Protein chains: 2
Amino acid sequence: MLYDLLIQNIKKNIALSKSELESICTYFTPKQLAKKEFLLTQGSICKFEGFVLEGCFRIFTIDKKGNENTLYFATKDWWLMDIDSFTNQTPSDLNIQALEDSHIILISKEDKAKLYKNVPSTEKLFRIMSQKAIVAWQRRLIRNNSLTAKERYFHFTNTYPDIVTKITDKQIASYLGITHEFLSKIKKSN
Amino acid sequence: MLYDLLIQNIKKNIALSKSELESICTYFTPKQLAKKEFLLTQGSICKFEGFVLEGCFRIFTIDKKGNENTLYFATKDWWLMDIDSFTNQTPSDLNIQALEDSHIILISKEDKAKLYKNVPSTEKLFRIMSQKAIVAWQRRLIRNNSLTAKERYFHFTNTYPDIVTKITDKQIASYLGITHEFLSKIKKSN
DNA sequence: TGATAAAGTTGAACTAGTTCAATAAAAGTA
DNA sequence: TACTTTTATTGAACTAGTTCAACTTTATCA
């Protein structure tokens, strides 16, 4: 079923009743995106929180020098949003682009508020999810400061072998914080 | 009063009743730390979540090469913990050290669980706090990848002028992800 | 107060990673 | 199928940041 993956994702974080899980699902609506299509562009307001059922996305910024900086990739079972823009309804710094034909489910800001109200245990759910995300961001930061580009590259390919098959080296480089030319040299050196 | 700062901190995130706020405070116990004293050391389990009333702390790791990597500094009005170790009661990767005589309040894992149960709105409070933290970590990561060391140094000193007065250049360097020798050269170059 | 440790500075040699430009390979499109 | 655009590779010159070592300044504390 459409919402099975979402239910499994929730269950990884918290034990909820069947009726709670079913209720949560009703707040999400499906959406398809074609390859290269943008779900969010820098400067616009993030009106949804998304969850990937199928496909792959890249979440990235473009800085003043024109360089792309990839924050993360989201495939099946990942969440998708600009938390800041979604929460405060302010212009986003992020771009979210489908890297292949993709299938997601979305919840709007208004429905998210209703969800918190009508299914109070979702507060705990999203608290736990957020706390796990903090840990992941902290670890990424430490890796960026303590590992070489080569070590980071191998950490990435070992940790996300499934994502690696869906993205270009240029995109990996923008995730690792190096130029794609240097990534090419890293790959050759081993 | 002892808990005024905590109450103000909570109010920045969520509107709670006076009784809820007072109830929350009862779960926290005060603790003093002398300069250089550790609240948490790498390998041990984080048994508390802390909030700084006075003083300054450094949260850092030491990697395999022996290099220190500062995750953040916490002064008055900052939270203090290893979320991962606290949540899962697993050995911590982090060190938390007082940089001056400090005054904090702590809540244990058991009391935090009781707090969530007895004051359900704290789920929302900590969800909101966690989401703000994610935004901050994401921005830091983007800055690290898109700014030069010199730009990061000035961003840090402009953003946290109060913290700068309490820490050494060596500690700033370990936060910026550069050597202290290079930081010294950055400072001279301007 | 003086002694000792720690932090900060400086310079020279080095290296990880960048920049630019040219070319090759692959993917998208008609 | 050929044409165009994007991605990947490679080399040479460069630069941001490191390493090491010597020295100076500032904290610490008995």
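Reminder, nothing fancy here: chain letters follow the sequence lines and each chain counts from 1. Keep in mind that what you see is a predicted model, and the values were worked out from it rather than measured.
Regarding B:Asn67, its CG atom lies at a distance of 10 Å from the P atom of D:dT18, rounded to whole Å. One atom, CD of A:Glu181, and another, P of C:dT23, lie 16 Å apart when rounded to the nearest Å. Atom CG in B:Leu176 sits about 13 Å away from atom C1' in D:dG17, given to the nearest Å. In this structure, the NZ atom of B:Lys35 is 4 Å from the P atom of D:dT28, given to the nearest Å. Summarising the geometry, the separation between CG on A:Asn145 and C1' on D:dT18 is reported as 14 Å, rounded to the nearest angstrom. Remark: C1' of D:dG17 and CG of B:Leu183 are 12 Å apart, rounded to the nearest angstrom. When the P atom of D:dA16 is taken as reference, atom NZ of A:Lys65 falls 11 Å away, rounded to whole Å. Rounding to whole angstrom units, NZ of residue A:Lys187 and P of C:dG17 are separated by 17 Å.
At a cut-off of 3.5 angstrom, counting only N and O atoms as typed in the model, there is no donor on one side facing an acceptor on the other between the side-chain of A:Lys150 and the base of C:dT15.
For the pair B:Lys188 and C:dG11, the criterion of a side-chain N or O lying under 4.0 Å from OP1 or OP2 is met. Side-chain nitrogen and oxygen atoms of B:Thr179 include at least one within less than 4.0 Å of the OP1 or OP2 phosphate oxygen of D:dT18. Between D:dA8 and A:Lys185, no contact under 4.0 Å exists linking OP1 or OP2 to a side-chain N or O.
Under the 3.5 Å distance criterion, with hydrogens and angles disregarded, no donor-acceptor pair is assigned to the side chains of B:Ser102 and B:Gln32.
Using a cutoff of 4.0 Å between basic side-chain nitrogens and carboxylate oxygens, B:Lys109 and B:Glu49 are not scored as salt-bridged. Note on B:Asp84 versus A:Lys132: no salt bridge recorded, every NZ/NE/NH1/NH2 to OD/OE distance being 4.0 Å or above. Salt bridge annotation for A:Lys187-A:Asp169: present, with a cationic side-chain nitrogen under 4.0 angstrom from a carboxylate oxygen.
Where B:His180 and A:Lys36 each meet DNA chain C at their nearest nucleotide, the meeting point lying more 5' is that of B:His180. Each of B:Gly177 and A:Gln171 was assigned the nucleotide of DNA chain D with the nearest heavy atom; the assignment lying further toward the 5' end belongs to A:Gln171.
Picking from D:dG17, C:dA7, C:dT19 the nucleotide with the shortest atom distance to the side chain of B:Lys170 gives C:dA7. You'll find that the side chain of A:Phe182 is closest to C:dG17, out of C:dG17, C:dA7, D:dT18.
The only option from A:Lys36, A:Lys35, A:Lys166 that meets the salt bridge (Lys or Arg N to Asp or Glu O under 4.0 Å) definition with A:Glu100 turns out to be A:Lys166.
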